[in-house]
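A short worksheet on the structure shown next.
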2 protein chains.
Amino acid sequence: MSLTPAPAGAVRQGSLRELNLALVLGRIAAADRPPSRADLATATGLTRATVSAVVEDLLAGRLVSESDPAPRSGAGRPARGLVLADQGPAGLGLEVNVDYLAVCVVDLAGQVRHRTVHRADLRPVAPADALARLVEMAGAARDDAARHGLTLVGAALAVPGLVDDAGVVRLAPNLGWRDVPVPALLAEHPPLIEQVPGVPALTVDNEANLAALGELHSRPPGPSSFLHISGEVGIGAGIVLDGALFRGVRGWSGEIGHLPVHPEGQPCRCGGQGCLEQYAGQEAIVSAAGLARAELPADTATARLAELAEAGDANALRALHDAGTALGVAVASVVNLLDLDTVVLGGGYAALAPWLCPPVLAEISARVLTAAWSPVTVRPSTLGAEAAAVGAAGSVARRIIAQPAGWLARAD
Amino acid sequence: MSLTPAPAGAVRQGSLRELNLALVLGRIAAADRPPSRADLATATGLTRATVSAVVEDLLAGRLVSESDPAPRSGAGRPARGLVLADQGPAGLGLEVNVDYLAVCVVDLAGQVRHRTVHRADLRPVAPADALARLVEMAGAARDDAARHGLTLVGAALAVPGLVDDAGVVRLAPNLGWRDVPVPALLAEHPPLIEQVPGVPALTVDNEANLAALGELHSRPPGPSSFLHISGEVGIGAGIVLDGALFRGVRGWSGEIGHLPVHPEGQPCRCGGQGCLEQYAGQEAIVSAAGLARAELPADTATARLAELAEAGDANALRALHDAGTALGVAVASVVNLLDLDTVVLGGGYAALAPWLCPPVLAEISARVLTAAWSPVTVRPSTLGAEAAAVGAAGSVARRIIAQPAGWLARAD
DNA sequence: GCAAATAATTCAATCGCTGAACAAATACCA
DNA sequence: TGGTATTTGTTCAGCGATTGAATTATTTGC
């Protein structure tokens with residue numbers, strides 16, 4: 001989802017305005033202080049007259065509002081600052097995971113305006129039932145959003161598995177889902193969102209991808225190219241290149257958990273051998289640390305591990321070091337291949353970052369040819385739990401910013 | 001280099017025409033038969049009136065010309081087919097490699113209109129001298145191109161190494177280059193190209209990247225996302241995503257040769273351990289096959305290897321199988337990560353593809369989670385030797401097609 | 001030889017950006 | 001207190017590019 005407008009086909013008279021609406025709105029979204037119309041004119045290269053006209057459209061459509069004037073120095077008429085509206089369109093984020101359901105609403109500015117988490121073991125629950133619960137939560141979220149003047153214009157659902165173009169969950173191993181037609185199942189419930197041209201009513205995506213998008217849109221803005229690794233039971237990665245999520249040919253990119261780190265090593269349930277997941281997956285770390293291969297929930301296991309490491313437990317420290325080394329081998333492959341300079345550890349890895357980062361960095365500096373010239377940053381995610389749900393909702397909101405014309409064209 | 005025009009900043013009245021020029025010209029370039037104005041109108045969504053006006057500009061600027069009408073069925077005024085001009089702007093491709101210099105000229109249609117190769121061991125030659133020889137060859141190429149009515153509007157140089165943003169060759173290990181300021185060295189020679197807005201006079205890039213671009217633009221058009229692996233002394237990869245070369249944050253993507261395939265294996269000159277290059281590099285294959293670690297030129301070694309394998313030599317077959325397996329482990333990593341469905345074996349690997357493909361495919365199907373659902377194609381490159389030079393020249397020509405306004409704006 | 005069909009051009013209308021002039025609102029200075 | 005400089009934002013005539021309908025051009029089929 002790039003912020004630079006890219007017309008797909010013919011460029012007609014009206015496209016001009018569409019593109020400039022997106023350009024100006026994107027600038028307002030990217031600014032760290034409320035810009036004036038004059039600021040926008042110099043920043044975009046448009047004339048002040050054009051910016052005024054464009055801004056008038058944005059104000060009329062409630063996408064932006066005027067804020068208190070930014071503090072100025074020197075003489076002259078004071079500027080009127082422009083900010084993203086805190087009422088208007090918003091995105092609905094949904095997440096089904098192994099041990100929780102999450103729903104959230106994110107506004108244009110990226111603020112999380114609503115958040116509900118329902119903890120439960122979802123493995124024994126039928127997909128249709130899980131989705132029905134999620135819809136129920138989403139209904140409450142919609143009503144809450146409406147009370148704040150927010151209109152839901154699209155939804156994105158994060159699942160821990162592979163999703164095809166049609167939104168069918170082909171395989172979510174840890175959830176036990178296979179070929180679940182999510183869009184069809186959700187279509188049986190009354191719609192919660194207001195259709196807007198250019199914004200899909202529902203997108204279904206891998207949790208790692210959406211968590212990476214959340215990281216991309218978090219404030220303050222970070223780099224526009226990075227690798228986001230979600231370390232849960234499985235290990236997934238979201239690849240962000242030049243400010244856009246890279247999904248691959250079929251949308252199945254980021255399967256970093258099955259990179260072979262010991263090609264002749266232990267067999268993996270994927271059919272391969274020596275996959276990263278066997279060495280740095282949550283179960284591998286937990287059992288290597290000598291904890292009971294318990295049925296304790298994922299987040300508890302991670303917290304316990306961090307506790308032990310904090311206390312200096314030798315087994316835990318060794319387990320984390322070994323996992324970090326394996327992770328580092330895989331990350332070194334990615335960095336060699338894609339020349340990224342930032343790696344974000346998310347999901348369960350975020351809390352373990354203090355112990356994982358050093359061995360990861362060690363492997364990078366040993367194995368990446370170009371690391372000597374320019375360092376690679378490895379850091380924990382800034383988003384907390386349910387990052388995927390937040391990223392999902394944010395991806396909808398960003399869509400409005402990237403293509404405001406659709407929202408403006410709707411009947412008010 | 002995407003074909004969809006993407007305005008960076010403000011969209012003004014004139015941008016409209018610029019974008020539609022690119023749109024129409026791109027369609028003409030992508031068509032498999034000469035399209036008529038009416039065809040272009042329906043394909044692009046513009047009106048016939050607009051297409052006529054745009055085509056008039058393109059004809060006046062000698063970017064396209066009218067061809068014999070396409071064979072038609074049915075009644076009606078016959079269409080006038082439009083084809084890319086075989087006179088007009090063209091790209092200059094340059095290549096410095098370990099054992100040859102190459103220069104070529106590619107026109108808008110992607111045809112190689114001139115080609116010169118000078119075989120010599122370049123390792124003992126000082127960079128400035130090597131570039132001077134190249135410039136001499138390029139001068140002859142320019143004169144030859146001019147006789148065919150072609151104007152060189154930009155040059156691209158392929159080198160087997162890492163290049164930074166400024167065009168400085170930071171490290172080309174097999175060539176023995178380090179921190180060679182190519183643009184500065186070339187600036188000492190009289191310019192060979194006519195400057196055109198929007199087309200850089202000189203770009204310097206990794207040979208693997210440019211060979212991948214050559215593959216991208218080869219006819220018939222292949223997939224728009226693929227991995228192109230150049231197997232030479234080193235192993236480099238060009239990553240093409242959605243029709244654009246992915247260069248990474250600093251332009252150093254594609255270092256597939258240093259993916260760890262045996263993390264605790266042999267030390268590599270890069271400082272890592274068990275890098276792919278140690279198992280599937282040209283030297284590794286040659287010595288594993290029992291051939292003298294000879295000083296014989298690279299292409300001879302590859303040819304000899306293919307000969308032996310053809311004859312059923314057990315050592316050669318085993319060496320190729322082992323190399324293919326190592327290559328397959330690395331390729332499986334890439335496919336897991338990027339979800340590509342096409343892998344092209346180029347450079348020295350092209351001739352060895354019959355023996356490399358099977359083990360590569362075997363590793364993919366064993367290690368790639370999604371391979372069961374949709375197969376991955378592994379095939380040799382269609383371009384022959386000096387693919388990088390051809391790709392380099394083609395990248396310049398494509399630039400004109402992507403941004404024709406610059407060429408049209410110049411004084412005729 | 002004429003009607004039907006398809007291709008390409010012409011032209012008034014319209015849309016949106018530009019540039020310059022103008023109005024608005026403040027700081028600075030005497 | 002009043003005037004000037006300065007910056008912001010708006011108004012409006014002008015213009016470039018696309019549109020859509022009408023017109024011209026050229027061929028096939030009957």
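Predicted, not measured: the structure shown is a model, and the values here were computed from it. Lettering follows sequence order; numbering is per chain, from 1.
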- [ ] Could you tell me whether the side chain of B/S15 and the main chain of B/E18 form a donor-acceptor pair under 3.5 Å?
- [x] no
TODO: For A/R113 and A/D86, indicate whether the former's side chain and the latter's backbone hold a donor-acceptor pair under 3.5 Å.
DONE: yes
Open item on the list: So, OP1 or OP2 of C/dC15: does either fall under 4.0 Å of a side-chain N or O from A/R17?
Closed with: no
Open item on the list: Using the side chain to side chain contact (heavy atoms under 4.5 Å, CB included) criterion, which residues pair with A/V83? Sequence neighbours excluded.
Closed with: A/P34, A/S65, A/S67
TODO: Can you measure from CG (A/L58) to CG (A/L84) and round to the nearest 0.5 angstrom?
DONE: 9.5 Å
Task: Those residues of residues 51-58 of chain A lying under 4.0 Å from DNA chain C by at least one heavy atom - done: none
- [ ] Using atom CZ of A/R80 as one end and atom C1' of C/dA25 as the other, report the distance to the nearest whole Å.
- [x] 11 Å
Open item on the list: To the closest 0.5 Å, what do you measure between CG (B/N20) and CG (B/L46)?
Closed with: 4.5 Å
TODO: Could you tell me whether B/D39 and B/R33 have a side-chain N and a carboxylate O separated by less than 4.0 Å?
DONE: no
Task: Side-chain touch B/R27/B/V24, heavy atoms, less than 4.5 angstrom - done: no
Task: Helical bend (five base pairs per end, nearest 10°) for the helix from C/dG1-D/dC30 to C/dA30-D/dT1 - done: 10°
Task: Atom pair distance, as rounded to whole Å: CD in B/E66 and P in C/dA7 - done: 14 Å
Task: Within residues 35-44 of chain B, residues whose heavy atoms come under 4.0 Å of DNA chain C - done: B/S36, B/R37, B/A38
Task: Atom pair CZ (B/R147) and CZ (B/R142), whose distance is rounded to the nearest 0.5 Å - done: 10.5 Å
- [ ] First locate atom CD1 of B/I28, then atom CG of B/L63, and finally report the distance between them rounded to the nearest 0.5 Å.
- [x] 9.0 Å
Task: Sidechain N-carboxylate O distance under 4.0 Å for A/R37, A/E66 - done: yes
Open item on the list: Rounded to whole Å, how long is the line connecting atom CG of A/L21 with atom P of C/dC15?
Closed with: 16 Å
- [ ] Nearest whole angstrom, please: distance from the P of D/dA17 to the CG of B/L19.
- [x] 12 Å
Task: For B/V105 against B/A145, the heavy-atom pair lying closest together - done: CG1-CB, 4.2 Å
TODO: Report the distance from atom CG of A/L16 to atom CG of A/L21, rounding to the nearest 0.5 Å.
DONE: 10.5 Å
Task: A/N20 vs C/dG16: side-chain N/O to OP1/OP2 distance below 4.0 Å - done: no
Open item on the list: Test of understanding: with side chain to side chain contact (heavy atoms under 4.5 Å, CB included), list the residues that count as partners of B/T382, not counting sequence neighbours.
Closed with: B/E215, B/S218, B/R379
TODO: For B/L108 and B/A85, work out which heavy atoms get closest and say how close.
DONE: CB-O, 4.3 Å
Protein-nucleotides 18-22 of chain C N/O pairs closer than 3.5 Å?
residue : atom : partner : partner atom : Å
C/dT18  : OP1  : B/R12   : NE           : 3.4
C/dT18  : OP1  : B/R12   : NH2          : 3.1
C/dT18  : OP2  : A/T47   : N            : 3.3
C/dT18  : OP2  : A/T47   : OG1          : 3.2
C/dT18  : OP2  : A/T50   : OG1          : 2.6

TODO: Whole angstrom is fine here: how far is it from CD in A/E18 over to C1' in D/dT18?
DONE: 14 Å
TODO: Grab the CG-P distance between A/L23 and C/dG16 for me, whole Å please.
DONE: 16 Å
Open item on the list: I need the CZ-C1' distance between A/R77 and D/dT8, as an integer number of Å.
Closed with: 5 Å
TODO: Give the rounded distance in Å between these two atoms: CG of B/L82 and C1' of C/dA8.
DONE: 11 Å
